[in-house]
Each structure stands twice: as C-alpha cells, then as structure tokens.
Amino acid sequence: MPTVIMVVIAVVIIAAVAYLAWTWSRTQRLKRRFGPEYDRALEAHGGRAAAERELRSREQAHRDLELHDLAPERRDQYKEQWLRVQERFVDAPQEAVEEADRLVTVVLGERGYPTRGFDEQAAHLSVEHARTLDHYRRGREISERAQARQATTEDLRQAMVHYRALFDDLLAVPAGHGVAETPRS
C-alpha cells in the first residue's frame, strides 16, 4: 500500500510542477508579445489571471481579422503623405496633428484593422504593435486636448512624434519579407 501512495504523491507532484511550468511559460510568452501592454492589462484587470485572459482574448480576436501587409508602392505613397503632413506642421500644427491621426487611421484600415472605436483599435494593435501602442495612446490624448484648445505647440510636436512611431511600425516591412526598414527617431 505505501508504494501506491508514493506513486500517487509522485504523480500529483509531477502534475503540479508541469502545470506551474506551463503557466509560467504562458505568462512569459504573453509578456514578450505584449510588452508594456502586459503591465497595463495587469493594472486594469487587477490580477494576472484576469489580465492574461484578456490578452489571450485579444489574440483570438486578432486572429479573426483579415490583416495584410501594404504593397511597396502603397508604403511609398503613405510615406509621401506623411512628409506633407509634417511639412504642414510648420504653418498649422493643430491641423497637421489631425491629419496625422487621420492618416494613421487610413493605414490601419488598409492593413485590415478596425477603424472605429479607439479601444477596439488599441486592443487589436496590442497584439502585433504593443511596443508602439503607447505612442498611439499619447498622440490621441494630445490630439483630444488640442481639439479642446488645451495643447501647446510643443504638445502638438510630441503628438506628431508619437503618431510617427506607430505610423513607421505599421509601414515597416515584415520580418522575412526583405530588408526591414530602420525607423527614424
């Protein structure tokens, strides 16, 4: 009888260790994939289990999207449009920030992301663009302040920098599809 008990105890211990290793591995994968969004989800959901459920549901919803890369000529067209938006900043900073927001939204739509509802956009972007998503949030926040006439020219400049970070990320050549472009600072 003691042998049976020892075997049962060993099986329970092995199962517990395997479960802990599996959950640790899943947590590490989510942290790598979502970067700063992982911490944001932890804060928003008040715990690891709820945050990870939310992040996994984002991954599932993201898989349901029909995303695609931009053709090189479309990438070039959008880069040209961005340069015009930047040039407009000198004479009309607030309007340039509004145009930058619209241009990012157009690129999102062409890539296959939803274009209505910032929260939904952010959730989908967090799956592949988590490292630049905070830039988008900051750019949008400044843009909203600008519409209420509560943003300085320096704030608007920062909004352009933030929008540019996501814009460059959205236009980047995917890994394995040629030489990746180095984002400008």
Side-chain angles (χ1 to χ4, degrees), residues 13-70 75 78 82 97 100-146 151 155 157-185:
I13 289 172
I14 290 170
V17 168
Y19 176 76
L20 290 173
W22 176 74
T23 57
W24 181 84
S25 174
R26 182 180 63 193
T27 296
Q28 296 309 307
R29 182 188 66 78
L30 289 169
K31 283 182 177 182
R32 275 190 309 278
R33 178 161 207 177
F34 287 93
E37 269 305 291
Y38 183 91
D39 295 330
R40 186 180 192 85
L42 273 177
E43 187 176 312
H45 294 283
R48 184 186 59 79
E52 289 185 5
R53 258 192 314 279
E54 165 63 20
L55 296 174
R56 287 192 313 274
S57 79
R58 289 183 194 184
E59 287 177 321
Q60 181 57 49
H62 187 265
R63 279 192 289 274
D64 294 341
L65 294 176
E66 293 183 26
L67 298 177
H68 51 274
D69 299 326
L70 297 174
R75 237 186 238 107
Y78 285 130
W82 182 266
V97 168
D101 183 61
R102 282 192 297 272
L103 184 55
V104 165
T105 301
V106 167
V107 172
L108 285 171
E110 190 164 334
R111 293 274 324 269
Y113 287 99
T115 57
R116 294 187 190 188
F118 178 75
D119 291 337
E120 183 181 7
Q121 283 178 339
H124 285 293
L125 285 169
S126 70
V127 177
E128 288 186 2
H129 302 281
R131 305 255 183 268
T132 53
L133 179 56
D134 193 50
H135 284 287
Y136 191 35
R137 281 194 176 96
R138 289 179 186 181
R140 286 291 298 258
E141 185 270 324
I142 294 169
S143 187
E144 289 170 4
R145 284 194 350 240
D155 292 335
R157 187 189 72 74
Q158 284 298 315
M160 291 295 290
V161 170
H162 291 307
Y163 280 125
R164 177 66 186 255
L166 178 61
F167 182 80
D168 284 347
D169 199 20
L170 290 169
L171 264 58
V173 177
H177 291 102
V179 178
E181 297 176 7
T182 305
R184 292 180 231 170
S185 300

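Contact detail for A122 and L133: the closest heavy-atom pair is O-CD2, 3.4 Å. Scanning both residues, A130 and S126, for their nearest heavy atoms gives CB-O, 3.2 Å. Across all their heavy atoms, G112 and H68 have their closest contact at N-CE1, 4.2 Å. Here the closest heavy-atom approach between residue R131 and residue R32 is recorded as NH2-O, 3.0 Å. What you find for F34 and L55 is that their closest heavy atoms are CZ-O, 3.6 Å.
With contacts defined as side-chain heavy-atom distances shorter than 4.5 Å, the pair Q158/R138 does not qualify. By the 4.5 Å heavy-atom criterion applied to side chains, P114 and L65 are counted as neighbours. L67 has its side chain within reach of H62: a pair of non-hydrogen atoms, C-beta onward, lies under 4.5 Å apart.
Atom CG of L125 and atom CG of D134 lie 12.5 Å apart (nearest 0.5 Å). Here the CZ atom belonging to R102 is positioned 10.0 Å from the OH atom belonging to Y163, to the nearest 0.5 angstrom. A distance of 11.0 Å separates CG of L166 from CZ of R140, quoted to the nearest 0.5 Å. The CZ atom of R58 lies 10.5 Å from the CG atom of L30; values are rounded to the nearest 0.5 Å. The distance from the CZ atom of R33 to the CZ atom of R56 is 13.0 Å, given to the nearest 0.5 Å. Residue E144 holds its CD atom at 9.0 Å from CG of D101, rounded to the nearest 0.5 Å.
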Worksheet item: Given the rule in the salt bridge (charged side-chain N to carboxylate O under 4.0 Å, His left out) test, do R137 and E37 qualify, once you have shown the distances and angles that lead to the verdict?
Response: CA-CA 12 Å; R137 281 194 176 96; E37 269 305 291; 2.5 Å; yes

Discussion item. Walk me through whether Q121 and T115 qualify under side-chain hydrogen bond (donor to acceptor under 3.5 Å, both in side chains).
Written reply: CA-CA 7 Å; Q121 283 178 339; T115 57; 5.6 Å; no

Discussion item. Could you go through F167 and M160, starting from their C-alpha distance and side-chain angles, then the distance that decides it, and tell me whether this counts as side-chain contact (heavy atoms from CB on, under 4.5 Å)?
Written reply: CA-CA 10 Å; F167 182 80; M160 291 295 290; over 6 Å; no

Worksheet item: Between T132 and L170, is a side-chain contact (heavy atoms from CB on, under 4.5 Å) present by the stated rule, with each step listed?
Response: CA-CA 10 Å; T132 53; L170 290 169; over 6 Å; no

Worksheet item: Going through the checks in order, is the side-chain contact (heavy atoms from CB on, under 4.5 Å) test met by E43 and Y38?
Response: CA-CA 9 Å; E43 187 176 312; Y38 183 91; over 6 Å; no

Practice prompt. Before giving the answer on side-chain contact (heavy atoms from CB on, under 4.5 Å), spell out for V106 and Y78 the whole-Å C-alpha distance, their side-chain angles and the decisive distance to 0.1 Å.
Written response: CA-CA 9 Å; V106 167; Y78 285 130; 3.5 Å; yes

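The closest donor-acceptor contact from the side chain of S57 to the backbone of E54 lies under 3.5 Å. At least one donor-acceptor pair under 3.5 Å links the side chain of R75 to the backbone N or O of L171.
For the salt bridge (Lys or Arg N to Asp or Glu O under 4.0 Å) condition, the pairs that include at least one residue of residues 104-127, sequence neighbours left out, are D69-R111, R74-E110. Annotation: side-chain hydrogen bond (donor to acceptor under 3.5 Å, both in side chains) contacts involving residues 14-23, sequence neighbours excluded, are absent.
In this structure Y136 satisfies the ring-ring contact (aromatic ring centres under 6.0 Å, His included) test together with F118, sequence neighbours excluded.
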